[in-house]
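Just so it is clear, the values below take in all heavy atoms, side chains as well, and ignore hydrogens, waters and symmetry mates.
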Amino acid sequence: MNVRFSSLLAFVGIFLFTSCNKEFSDVDASLLPTDTFVIEKQTALVGVQHERIEVIRTDDLSFLYLGQYQDPVFGTTTASVTTQLSLPLSSSGIFGLMSAENEEEGTSTEDTNINPHNEEETVKNVWLELPFYTNQRDSDGDGVIDIFDIDPDDKESDSDGDGLTDIQESMSVNFDPLKADTDGDGINDGEDTDTINPDADANNYEIEFLFGDSSQEVHFQVKELSYFLPLLDPDDNFQSIRSFYSNNDLEQEGFTSNVLYDDKINLSFDELVFYNEDDPETEDVDESTLVGERLAPRVRIPLEPSYFQQKLFEREGESVLFDNNDFQEYFNGLVISIQNNTNPLLMQLNFVAGQIKIEYDFKKLVLIEDGDTANPSDYVVEDSSSTYTLGLSGVQFNSIAQDEPALEVQNALRGQDDGQYIYLKGGLGVVSYIDLFAGAEGQSQLTELQSNPWLINEANLTFYVDQQKVADLGMSELPSRLYLFDADESTPLEDYIIDGTSGSHPDQVKTTFGGLAQYNEAGEVISYKFVITEHLSKLIRQADDYENIQLGLCVSSDYLNIQSTEVVQPELEVPQSAISSPLGVILAGPNHTNPDLRLHLEIFYTAYQ
């Protein structure tokens with residue numbers, strides 16, 4: 001492709017424009033430039049290699065997998081989570097209102113006398129809560145998040161079909177834009193002149209990072225860990241942080257004991273709403289109709305109350321309940337897994353925000369009205385309840401098992417393929433390494449570019465999906481983003497660093513650098529494009545200081561994570577983006593049978609003739 005611009009014409013045009021404001025004078029013809037600028041395009045050969053990620057460090061990941069994901073090409077992924085627990089901040093080791101000592105001996109001071117009193121703390125319910133990752137993206141600002149919006153780009157859309165626009169209903173506390181009959185009186189909102197929204201503060205969420213069938217009953221298993229997880233490494237004389245890896249499976253090694261839950265749960269993606277308890281002393285107000293707390297959607301697993309009664313409540317007042325180190329040595333933690341479901345399901349849950357809520361009843365002493373604190377008989381017993389919360393914090397890591405991939409992927413990993421395809425899978429999957437200007441022909445082309453004073457306008461790599469192959473193999477869900485990086489250092493490329501594009505949502509970040517999936521009209525992923533102009537410019541213009549490094553290519557979630565994580569087998573580092581999604585894709589390689597899909601480096605530059 002050539003586009004020619006005469007510098008002479010450009011110069012004359014500038015001269016004529018400026019001469020409108022100045023007296024005309026002759027110009028020496030020797031001063032006029034004679035060069036012609038030509039915008040050219042070249043394509044350069046690339047080489048591709050594959051590497052399988054087999055064992056990774058997982059205690060430093062910003063996310064954790066739970067469950068099972070089945071890929072028809074790359075095999076089945078199975079992941080469980082091992083986590084320590086932590087006491088509440090400034091834990092006193094007290095349940096109810098009285099310490100174990102005061103319950104047994106009473107309280108006697110100058111102003112207060114309380115007889116010994118057993119508060120009889122009794123655990124009623126225990127919930128393991130694991131929040132989903134969620135978003136409330138509302139592209140058109142009409143008050144309806146995109147996933148529920150009939151047209152996410154039009155605030156005048158009517159998602160519930162009641163004749164009122166989403167923005168009209170969202171601006172009023174009387175309407176719910178997702179319910180045609182907000183108050184349920186049988187009259188459509190568009191015709192109802194006297195409607196009231198009974199839950200105007202309700203929130204809707206889109207659930208992220210669910211891979212597989214989330215509509216089925218999900219079989220969770222929770223076991224007590226019987227192995228202390230030290231923060232410091234005993235093999236290094238406790239001088240460094242101990243690392244845990246994807247092949248550390250303490251349950252398989254026999255380090256679990258009590259089963260705290262082993263059953264199925266229907267997942268709920270709705271907001272959790274908790275109401276206050278009614279106060280019998282306020283007869284004119286029913287507090288049980290008032291919302292006390294709203295929580296974003298989460299997995300809630302009921303654990304065995306009798307276990308926590310014995311494990312914790314019978315140890316009230318002991319150091320294991322007010323010293324976190326002692327507590328973690330006493331209660332080592334949990335191993336959480338999903339057993340074989342009817343259909344595979346893999347989730348990323350927010351384990352950092354996870355917690356165990358222990359609901360218990362107790363009998364408290366209350367001073368009667370106008371009673372004397374120094375008179376023990378002025379106290380009466382009342383039923384009460386409270387909640388004790390343990391955090392999921394300390395050491396947390398993923399145990400991940402990955403099946404062998406299909407034979408064609410294994411051949412590519414051994415370098416026995418013909419370069420027709422590029423195989424990528426996140427997690428314990430496959431990354432690819434790209435060599436620009438591959439082979440003797442490519443090196444000769446690079447030398448030519450470096451020897452000419454040409455200006456690089458744009459350089460890009462476009463990876464096309466082999467849609468027919470993907471469809472034939474049943475790969476129904478493809479990644480929404482790929483990530484290209486410096487494979488030698490596991491660091492971002494210069495084009496990534498200088499790309500200032502950003503937004504409130506992850507797919508609005510680093511869009512010039514690229515890697516986001518491109519879709520056809522049918523909503524199918526057709527390609528991923530990266531712009532590496534700065535990288536190539538430095539390679540050509542600063543050849544003495546800039547090496548032709550190998551580029552790494554991996555699957556990513558929309559949330560780019562450039563922090564490196566350690567790969568043990570083989571020994572290397574990859575960005576955490578490479579681990580952040582379990583999805584796989586097959587791309588057209590440099591030797592694909594369809595020349596229109598073949599991978600090559602495209603270079604647009606300005607030459608001088």
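- By the 6.0 Å contact criterion, CD on E217 is enclosed, its count of non-hydrogen atoms from other residues, nucleotides or ligands being greater than 12.
- Ring-plane geometry between F211 and Y69 is classed as perpendicular, the angle between the planes exceeding 60 degrees on a 0 to 90 degree scale with a lower cut at 30.
- At least one side-chain heavy atom of T282 sits under 4.5 Å from a side-chain heavy atom of D284.
- Checked against the 6.0 Å centroid criterion, the rings of Y261 and F220 do not qualify as a close aromatic pair.
- Annotation: I196, atom CD1; neighbour count of heavy atoms from other residues, nucleotides and ligands within 6.0 Å does not exceed 12.
- Taking CZ from F269 and OG1 from T134, the interatomic distance works out to 12.0 Å, rounded to the nearest 0.5 Å.
- A salt bridge between D326 and R315 is absent, with no side-chain N of the basic residue lying under 4.0 Å from a carboxylate O of the acidic one.
- Put simply, the residue from N174, D142, L164 that forms a side chain to side chain contact (heavy atoms under 4.5 Å, CB included) with E169 is L164.
- If you take CG on L346 and OH on Y65, they are separated by 6.5 Å, rounding to the nearest 0.5 Å.
- T387 and E359 share no donor-acceptor pair across their side chains, judged by distance under 3.5 Å alone.
- In this model, no donor atom of one side chain and acceptor atom of the other lie less than 3.5 Å apart for S226 and S257.
- S86 and N324 share no donor-acceptor pair across their side chains, judged by distance under 3.5 Å alone.
- Side-chain atoms of S480 and D507 form no donor-acceptor pair, as typed in the model, at a separation below 3.5 Å.
- Within the 4.5 Å cutoff, the side chain of P177 has no heavy atoms near those of the F175 side chain.
- A distance of 8.0 Å separates CG in L85 from CD in Q328, rounded to the nearest 0.5 Å.
- Between F95 and F362, a ring centre-to-centre spacing not shorter than 6.0 Å is recorded.
- The shortest distance between side-chain heavy atoms of S243 and D59 falls below 4.5 Å.
- In terms of heavy-atom proximity, N115 sits nearest to P376 at ND2-CB, 3.4 Å.
- Using modelled atom types and a 3.5 Å distance limit, the side chains of Y307 and E224 yield a donor-acceptor pair.
- Residues Q68 and N341 have side chains that never bring a donor and an acceptor to within less than 3.5 angstrom of each other.
- Side chains of S337 and Q339: a donor-acceptor N/O pair is present below 3.5 angstrom, by distance only.
- No donor-acceptor contact under 3.5 angstrom links the side chains of N276 and E287, judged on distance only.
- One side chain, H219 or D262, offers a donor N or O that lies under 3.5 Å from an acceptor on the other.
- Defined by atom type and a distance below 3.5 Å, a donor-acceptor pair is missing between the side-chain atoms of D361 and S385.
- For the pair T76/P344, no side-chain contact is recorded, criterion being any heavy-atom separation below 4.5 Å from C-beta on.
- The shortest non-hydrogen separation linking Q84 to L229 is NE2-O, 2.9 Å.
- Among all heavy-atom pairs drawn from S384 and K364, the shortest one is CB-CD, 3.8 Å.
- Relative to the six-membered ring of F255, K223 misses at least one condition, a distance below 6.0 Å or an angle of at most 45° to the axis.
- Ring orientation note: the planes of F397 and F244 are close to parallel, at an angle under 30° on the 30°/60° scale.
- Side-chain contact, T373 with D111: no donor N or O sits under 3.5 Å from an acceptor N or O.
- Screening D176, D189, D160, N197 against T182 for a side chain to side chain donor-acceptor pair (under 3.5 Å) leaves a single residue, D189.
- Aromatic ring centroids of Y559 and F209 lie under 6.0 Å apart.
- Within 6.0 Å of atom NZ in K357, more than 12 heavy atoms from other residues, nucleotides or ligands are found, so the atom counts as buried in its surroundings.
- Between R137 and E206 no salt bridge is recorded (no basic side-chain N to carboxylate O distance below 4.0 Å).
- In this structure, Y388 has its ring center at least 6.0 angstrom away from the ring center of Y360.
- In this structure, E293 places its CD atom where more than 12 heavy-atom neighbours from other residues, nucleotides or ligands lie under 6.0 Å away.
- Using a 4.5 Å heavy-atom threshold, the side chains of V291 and Y275 count as touching.
- Residues D149 and S157 bring a donor and an acceptor atom of their side chains to less than 3.5 Å of each other.
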